[in-house]
Number of protein chains: 4
Amino acid sequence: MRILFLGDIVGRPGRRAVKELLVSLREEYAPELVIANGENAAGGTGITRQTADELFGAGIDILTMGNHVWDQKDVYNFIEEEKRIVRPANYPPGTPGRGYLLAHTQSETKVGIINLSGRVYMPPLSCPFRMLDEILPLLRKETPVIIIDFHAEATSEKMALGWYVDGRASALIGTHTHIQTADERILPQGTGYITDVGMTGPCDSILGVKKEPVIKKFVTMQPVRFEVAGGPVQLNAVYLQIDPDNGRTLIIKRIQIFKN
Amino acid sequence: MRILFLGDIVGRPGRRAVKELLVSLREEYAPELVIANGENAAGGTGITRQTADELFGAGIDILTMGNHVWDQKDVYNFIEEEKRIVRPANYPPGTPGRGYLLAHTQSETKVGIINLSGRVYMPPLSCPFRMLDEILPLLRKETPVIIIDFHAEATSEKMALGWYVDGRASALIGTHTHIQTADERILPQGTGYITDVGMTGPCDSILGVKKEPVIKKFVTMQPVRFEVAGGPVQLNAVYLQIDPDNGRTLIIKRIQIFKN
Amino acid sequence: MRILFLGDIVGRPGRRAVKELLVSLREEYAPELVIANGENAAGGTGITRQTADELFGAGIDILTMGNHVWDQKDVYNFIEEEKRIVRPANYPPGTPGRGYLLAHTQSETKVGIINLSGRVYMPPLSCPFRMLDEILPLLRKETPVIIIDFHAEATSEKMALGWYVDGRASALIGTHTHIQTADERILPQGTGYITDVGMTGPCDSILGVKKEPVIKKFVTMQPVRFEVAGGPVQLNAVYLQIDPDNGRTLIIKRIQIFKN
Amino acid sequence: MRILFLGDIVGRPGRRAVKELLVSLREEYAPELVIANGENAAGGTGITRQTADELFGAGIDILTMGNHVWDQKDVYNFIEEEKRIVRPANYPPGTPGRGYLLAHTQSETKVGIINLSGRVYMPPLSCPFRMLDEILPLLRKETPVIIIDFHAEATSEKMALGWYVDGRASALIGTHTHIQTADERILPQGTGYITDVGMTGPCDSILGVKKEPVIKKFVTMQPVRFEVAGGPVQLNAVYLQIDPDNGRTLIIKRIQIFKN
Ligand SMILES: [Fe+2]
Ligand SMILES: [Fe+2]
Ligand SMILES: [Fe+2]
Ligand SMILES: [Fe+2]
Ligand SMILES: [Fe+2]
Ligand SMILES: [Fe+2]
Ligand SMILES: [Fe+2]
Ligand SMILES: [Fe+2]
């Protein structure tokens with residue numbers, strides 16, 4: 001089972017990177033499923049029907065989200081019935097949309113996908129550890145191949161959740177910091193892990209947005225307006241090869257592509 | 001000018017990693033200066049005279065610190081006169097120790113070393129951006145080769161400070177998250193940059209400490225006692241090659257070594 | 001139904017204040033039930049068997065807790081079977097102790113008591129709003145008289161929870177900031193409310209602890225050791241008169257007593 | 001020297017409260033100076049030329065600010081030359097506006113007024129303790145009567161700064177939490193103190209804004225739009241009587257007025 005996971009796609013440059021680079025990635029890795037984090041797809045913050053469709057049209061199969069999921073009002077128009085988008089499962093009961101789903105691939109193998117948000121330096125959603133204890137058995141009835149997007153800030157919380165699910169999920173992929181980490185590994189019980197897959201968007205930027213306003217904010221403590229940066233783009237991703245029979249990750253490989 | 005920078009050394013296993021692995025790194029890179037972050041050197045938290053000496057004896061030339069600098073009371077006995085240790089420069093005036101220093105290497109080249117702490121999700125020290133505006137001119141009178149250890153949590157603050165000093169320092173090396181990032185680069189004006197160099201300590205751990213108490217804390221919200229983990233170790237570092245005439249980084253290379 | 005509620009009792013001076021002042025309060029208000037927050041009873045942080053017994057012996061009927069509940073290891077020895085102590089109900093399932101209880105008074109009237117922790121600027125426990133939706137119906141089967149100790153930092157969260165339970169509980173009493181607020185009122189549906197009842201402990205102090213170390217910490221950013229202050233004491237409390245038939249608060253009155 | 005200090009004026013209802021209630025307060029207290037916190041004057045967030053003038057016209061002499069000072073873009077048009085507005089003095093050097101000023105009253109007595117922001121649970125501005133050490137001597141050259149508006153969240157930081165300036169300022173008045181505290185006192189060296197003076201605005205609200213969106217946000221974790229509430233209003237203030245010769249506070253008195 002071959003899966004590609006792309007980090008937070010930031011605005012138009014991020015969508016362009018997907019459109020221009022995913023084709024060759026498909027050729028190289030022949031993924032049966034392409035997952036991407038889309039919480040910054042629309043202007044750097046949130047997602048709209050149009051930006052989601054643009055990404056699905058470019059070959060993304062499933063979009064995961066994060067703390068920015070509600071930033072564009074348009075999301076309420078489609079998140080409930082859109083079956084290819086997951087938002088953090090640990091939002092309160094009654095929240096629109098779904099926190100996990102079962103993706104059907106061309107092969108027989110189904111893939112469970114879970115989105116969760118961290119709580120360290122982030123809003124107090126439900127406990128992601130306990131949430132996994134609830135969701136994993138439901139998905140494991142259907143398939144041993146389960147991918148978790150853990151959208152979190154603190155490295156401690158991310159590593160802790162990785163160890164916590166080792167052997168119960170195929171991979172735990174971190175998102176949110178927009179910087180790829182170099183700690184990809186396969187944990188002892190077979191769970192693929194990386195603290196953060198990094199973002200897909202403008203290279204010469206601060207997490208995808210223009211540098212000057214961010215620096216101004218730090219130096220002057222004045223409110224500023226963030227804007228998606230221009231220029232060359234990068235695509236950050238991981239490739240996973242998973243044993244479809246037992247769900248164990250066989251290969252995890254970091255991917256970084258830069259393009260003018 | 002060849003420099004090695006090792007990430008946060010965690011406890012006895014981290015010190016062991018330095019002692020057992022630095023020799024071969026020296027052979028491979030022939031560094032004229034070896035800098036390491038030592039804020040977790042003593043039992044995972046803080047530093048003592050003995051652990052500092054152990055690291056100096058193992059070939060570390062300069063130790064940088066971070067938010068854990070004051071965790072061991074012993075530090076107050078030596079940080080003032082110990083000229084090979086820097087603690088974050090943005091502590092208030094009157095704080096024991098120094099925030100920057102000038103290291104003399106075997107070659108003629110002097111190296112300025114600055115330690116700073118971030119403020120996002122961290123205590124409200126003085127502004128690291130403005131602090132650099134003060135310190136950089138002082139050091140640049142002595143040498144163009146200047147290394148900054150920016151000990152910070154948020155990727156946005158780290159990238160912002162990197163862009164802010166581009167062309168004014170040789171390299172800005174992030175520490176504190178204990179996870180190496182894969183975003184090492186040389187910024188357009190010649191400043192080497194990495195968001196985090198990662199830690200030096202036990203592999204099968206959460207940031208160097210035993211997994212079980214950390215997971216217990218997240219799941220039960222009960223206070224726990226953290227303990228440095230055992231088992232195989234890793235050393236995370238970056239190698240920098242810097243033009244001694246203009247201080248620009250020519251090469252930045254991530255290093256990860258694992259050892260049973 | 002007459003109830004006295006005393007704010008966070010801090011260390012030995014706080015316990016002394018209770019012992020020396022509760023007698024005359026009893027005479028003045030003839031309370032059928034005396035509730036007090038005991039999270040700082042032992043040395044300013046946490047509670048022990050001995051300090052709890054001292055407070056029960058001094059006339060406290062029920063002790064509520066807060067974020068400091070686990071600070072003294074001794075608490076694990078008795079919190080499970082001690083039926084007069086409540087800790088925040090929104091700790092995870094499986095947490096020792098109970099989050100709500102039913103107190104029996106000399107009169108026929110039973111009193112439901114709930115302890116909850118806020119989440120703004122505090123650890124991410126379960127949602128206190130939803131927790132109340134679960135607990136209130138259980139207690140209301142037994143009695144209409146229900147007192148909530150909401151141990152929280154942010155005034156917004158406290159006022160929001162007050163309005164949220166208006167008409168469903170007799171009173172929501174805030175604790176944790178150790179400073180009494182002057183906003184006691186009866187909300188339109190009959191719920192008595194105060195943002196914070198204040199603490200019971202040393203007057204010339206910062207929230208009960210000695211001033212100098214706290215100031216030193218703010219000015220120098222160095223770690224310090226907090227110590228309970230000495231000198232004159234104050235007792236902060238509220239008196240509630242509640243209609244036992246419908247649980248509505250009829251009178252809410254702030255109390256402050258100072259003693260050398 | 002008689003001074004009135006009004007807490008955070010929230011939106012149109014807050015301005016109405018000032019216009020309708022200040023007259024009788026003037027009659028009762030005959031203040032020589034009326035200070036008010038205006039950070040929420042315009043629509044609940046920030047201040048504009050028009051709302052500032054409305055408040056000056058209603059009898060406010062000096063407006064202090066807080067974390068919301070920059071929320072209305074219009075503020076940049078007048079804060080630099082408007083000599084009756086102070087914003088927190090611990091913003092970085094180069095920030096528009098002033099952090100302290102000298103007010104001239106009808107009597108001969110001049111009054112120094114300082115605005116400072118806390119840093120606990122707030123942005124990392126410069127240290128308010130050290131800032132006071134810088135500003136106080138400058139103002140004390142001109143007058144012994146000095147009023148500090150400390151706009152801060154945490155009760156510990158507020159009490160600590162109160163004790164820190166005892167004897168060096170006439171009064172330290174807390175703002176920001178929008179809830180009046182009942183701990184007004186005169187510290188041993190003569191500094192009047194209250195942790196928070198409370199807000200001036202709608203009674204049936206959460207800190208001045210409509211209840212429903214705030215509760216919705218806590219319960220659902222969805223973004224909401226806050227709106228200033230309607231209905232009856234309250235005015236929260238303190239009255240200070242200060243010895244003009246030595247600057248010591250002689251009387252501090254809390255004021256709460258409600259009006260339909
Ligand atoms: Fe993102
Ligand atoms: Fe995010
Ligand atoms: Fe560290
Ligand atoms: Fe650190
Ligand atoms: Fe307390
Ligand atoms: Fe507390
Ligand atoms: Fe305010
Ligand atoms: Fe404020």
Side-chain angles (χ1 to χ4, degrees), chain C residues 118-122 127-130 132-133 153-166 174 176-185 187-188 194-199 203-221 226 234 236 254-256 258, chain D residues 118-122 127-130 132-133 153-166 174 176-185 187-188 194-199 203-221 226 234 236 254-256 258:
Chain C
R119 304 200 296 179
V120 178
Y121 313 132
M122 298 188 83
C127 173
F129 293 74
R130 290 169 183 267
L132 277 182
D133 290 340
E153 176 74 31
T155 49
S156 60
E157 195 179 16
K158 281 159 134 172
M159 279 243 65
L161 196 63
W163 284 112
Y164 188 68
V165 301
D166 183 23
H176 178 63
T177 72
H178 287 210
I179 300 285
Q180 191 175 87
T181 56
D183 65 337
E184 75 283 6
R185 67 192 281 191
L187 297 172
I194 188 167
T195 294
D196 210 288
V197 67
M199 66 106 178
C203 295
D204 290 342
S205 71
I206 296 174
L207 315 188
V209 300
K210 284 187 183 163
K211 304 184 288 279
E212 295 75 15
V214 179
I215 290 173
K216 187 187 168 196
K217 188 181 161 69
F218 279 119
V219 174
T220 67
M221 294 286 156
F226 296 133
Q234 60 182 300
N236 280 311
R254 287 189 295 106
I255 297 169
Q256 294 191 344
F258 300 87
Chain D
R119 306 201 294 180
V120 178
Y121 313 133
M122 299 188 83
C127 173
F129 293 74
R130 290 168 184 266
L132 277 182
D133 290 340
E153 176 75 30
T155 50
S156 60
E157 194 178 18
K158 283 160 133 171
M159 278 241 67
L161 197 63
W163 284 111
Y164 188 68
V165 300
D166 184 22
H176 179 64
T177 72
H178 287 210
I179 300 285
Q180 192 176 85
T181 56
D183 65 337
E184 76 282 6
R185 68 193 279 190
L187 298 173
I194 186 168
T195 294
D196 209 288
V197 68
M199 66 105 179
C203 296
D204 291 340
S205 71
I206 295 174
L207 316 187
V209 300
K210 284 187 184 163
K211 304 184 289 279
E212 294 75 14
V214 179
I215 290 173
K216 186 188 169 196
K217 188 180 159 69
F218 279 119
V219 175
T220 67
M221 295 285 156
F226 295 133
Q234 60 182 301
N236 281 310
R254 287 190 295 107
I255 297 169
Q256 294 191 345
F258 300 88

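Naming convention: chains lettered A, B, ... in sequence-line order (proteins, then strands); numbering from 1 in each chain.
Judged purely by atom type and a 3.5 angstrom limit, C:T155 uses its side chain to pair as donor or acceptor with the backbone of D:T177.
Here the shortest heavy-atom pairing between D:M159 and C:S205 reads SD-O, 3.9 Å.
Among C:K211, C:Q234, C:E212, C:Q180, the residue making the largest number of heavy-atom pairs under 4.5 Å with chain D is C:K211. The candidate with the highest count of non-hydrogen atom pairs below 4.5 Å against chain C, out of D:A154, D:A182, D:G162, D:A160, is D:A182. Between chain C and the residues D:V209, D:T195, D:D204, the most heavy-atom pairs under 4.5 angstrom are made by D:D204. Interface summary for chain D: among C:D183, C:L161, C:L187, C:D196, the most heavy-atom pairs under 4.5 angstrom belong to C:D183.
Between the NZ atom of C:K216 and the CZ atom of D:F129 there is a distance of 14.5 Å, given to the nearest 0.5 Å.
Neither the backbone nor the side chain of D:N236 has a heavy atom closer than 4.5 Å to any heavy atom of chain C. The parts of D:E157 that come within reach of chain C are both its backbone and its side chain, each placing non-hydrogen atoms under 4.5 angstrom from that chain. Residue contact with chain C, scored on non-hydrogen atoms closer than 4.5 Å, involves the backbone and the side chain of D:S156 alike.
Proximity of D:F218 to C:V120: side-chain heavy atoms (C-beta onward) are separated by under 4.5 Å at one or more points. The shortest side-chain heavy-atom distance between D:W163 and C:V214 does not fall under the 4.5 Å cut-off. Using a 4.5 Å heavy-atom threshold, the side chains of C:K158 and D:I179 count as separate.
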